[in-house]
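Okay, structure first, notes after.
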Amino acid sequence: MTRTRLDAHIAALDAPEGLKTVLTVVAATCADISKVVAGGALAGALGASGQINVQDEEQKKLDVMTNDMLTEALLASPAVAGVASEEMDEVQPASNPAGEYLVLFDPLDGSSNIDINAPVGTIVSVLKSATATPTEADFMQSGRHQVAALYAVYGPQTMLVLTTGAGVKGFTLSNDGDWILTHDEIAISPDTKEFAINMSNLRHWAEPVQTYVGDLLKGEEGPRAKNFNMRWVAAMVADVHRILMRGGVFLYPWDRREPNKPGKLRLMYEGNPMAFLVEQAGGKATTDGRQAILDVQPEHLHQRIPVALGSANEIDAYAGV
Ligand code: F6P
C-alpha cells in the first residue's frame, strides 16, 4: 500500500508557498510537542508553572513549554507576519518583511488532563495578513477568512487533522516521526445519539438548554424517542475528534456562573478553527444552533463565545442561547 505523507499532501495543495511553509512548520512543531507530552514526568512536563495567563487561569508547565515551541518556530518562519495565542496577553508581530500569515493557536488544549495522562491537543487557525507589521486589529477577521485550520490530538495515537477549505484529512504520527494520511475525506454523520456537555453546570444553563438536554435524557420514552449516550473528555480537541470520527454534538453554552462572559471557549483559537474543520466535514458549528461561529465578527483577541457543534441534524434540533 502506498502511504501519503503530510509533506507530500502539503506540496500538492493548490495553495501559496507561504501557506505551505506555515503548515509544514506547525506540523513539525506538533510532532515535537507530542514527544514532550509523551515524556510526561520524565520530560519535566507535569505540574503547574506558577504563572497565571491573561484569562486568569493557572498555567501548567506544558502550556508554557508548548507556547514557546510554537511561537519560536513560527516567528522564525519568513512566511509568518504575526502570532497570537491563548497563553499570550497580546499579539506578537514577527518582524518578517515578507510575512503574509497570521497564526493563532491554543498550544495545549485541555491542560487539566495533562497530569492524569488523558488526551490533550493543539489547535491552530491561519489567516492572511494585510500587512507584514500586524497589530491586533489585523487579526480581527471572522472565521470565514481562515485559509487553514488544524488540530493535533495527543492520545493513544497522535493525529493531525487538517483543512485548507477542501475537505478534512487526518494524519497519524508514525514511530518514525512522519505524519501519514490515515483518514481521507473525514465526514460527520448528520444524525447521532451521542452528546457532550459538562452536566455539572446544568443548574447554571439558560432554560432552553436545560429543556433540550432534559429531552435527550428522557430517551426512548421522551419527545426525541431515542436513547442518547453522553461523553465528556474535558479537552475540546478530543471531544471534537470523536465527533469527526463517529458523529455527535459538543456543547459549551453560555451559563449564569459569570453572566457577563458569553461562554467559556475562545472564538479566535478554539471556536473558529474547530468550526472550519466541522463545516468542512459536513457538520454544523454554531453559537446557539442557528448563528454560525464562522460568521461572528471578532471584537478582541481573547473573546469568548458559546459553542454548539457537530452532527448537522442534531445541531438543528438544539436551541441554545
Ligand atoms: O479550553 C477550555 C477547555 O479546557 C476545553 O478544552 C474543554 O472542552 C473545556 O475547557 C472543559 O471545561 P470544563 O472544565 O467545564 O470541563
Side-chain angles (χ1 to χ4, degrees), residues 30 33 37 46 48-49 51-64 66-67 70 84-88 104-125 143 149-155 159 161 194-206 209-210 213 230-245 248-259 261-278 283 285-287 293 301-310 315 318 320:
C30 288
I33 290 175
V37 169
L46 302 189
S49 73
Q51 298 166 45
I52 304 289
N53 71 9
V54 64
Q55 339 267 343
D56 242 1
E57 295 162 347
E58 188 192 60
Q59 287 176 315
K60 302 277 185 182
K61 277 188 202 157
L62 261 183
D63 288 322
V64 177
T66 55
N67 190 61
L70 272 167
S85 134
E86 178 179 5
E87 306 302 338
M88 302 193 298
L104 299 102
F105 48 89
D106 178 351
L108 205 76
D109 172 66
S111 44
S112 69
N113 279 357
I114 295 167
D115 295 346
I116 60 161
N117 196 5
V120 289
T122 298
I123 312 175
V124 179
S125 163
L150 65 89
Y151 64 77
V153 56
Y154 313 110
M159 282 190 66
V161 177
E194 205 157 62
F195 69 102
I197 193 166
N198 184 341
M199 284 296 295
S200 69
N201 296 326
L202 184 145
R203 70 192 185 285
H204 304 300
W205 299 331
V209 179
Q210 296 204 20
V213 174
M230 200 208 83
R231 288 285 181 269
W232 187 249
V233 186
M236 187 192 197
V237 165
D239 278 312
V240 170
H241 187 67
R242 183 185 60 255
I243 289 169
L244 284 160
M245 294 296 109
V249 289
F250 170 87
L251 309 168
Y252 215 117
W254 170 89
D255 66 47
R256 293 189 193 96
R257 282 173 297 174
E258 292 180 85
K261 282 192 184 159
K264 175 172 186 188
L265 302 177
R266 274 54 60 110
L267 171 63
M268 300 296 293
Y269 39 80
E270 292 178 320
N272 274 341
M274 290 312 201
F276 192 17
L277 286 158
V278 166
T286 69
T287 57
I293 290 174
L301 185 58
H302 299 291
Q303 181 171 341
R304 293 171 191 261
I305 40 149
V307 171
L309 59 77
I315 293 298
Y318 173 76

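Just follow the structure's listing: the first ligand is 1, and inside any ligand the first atom is 1. Computed from a prediction, not measured in an experiment: that's the story for all the values here. Hydrogens, waters and symmetry mates are skipped; everything else that's a heavy atom, side chains included, is used.
- Here the closest non-hydrogen pair linking Pro259 and Trp254 is O-NE1, 3.2 Å.
- With rounding to the nearest 0.5 Å, the separation of OG1 in Thr66 from CD1 in Ile114 is 7.5 Å.
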Let's go through Asp63 and Lys60 carefully: what are the C-alpha distance in whole Å and the side-chain angles of both, what is the deciding distance for salt bridge (Lys or Arg N to Asp or Glu O under 4.0 Å) to 0.1 Å, and is it a yes or a no?
CA-CA 5 Å; Asp63 288 322; Lys60 302 277 185 182; over 6 Å; no
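- For ligand 1, the 4.0 Å heavy-atom shell takes in Asp109, Gly110, Asn198, Trp232, Ala234, Ala235, Met236, Phe250, Tyr252, Lys264, Leu265, Arg266, Glu270, ordered by chain and residue number.
- Counting non-hydrogen atoms of other residues, nucleotides and ligands closer than 6.0 Å to CZ of Arg203 gives a total of 12 or fewer.
- Of all non-hydrogen atoms in Met236 and Phe250, the two that sit nearest each other are CG-CZ, 3.9 Å.
- Partners of Tyr154 under the ring-ring contact (aromatic ring centres under 6.0 Å, His included) rule, at least two apart in sequence or in another chain, do not exist in this structure.
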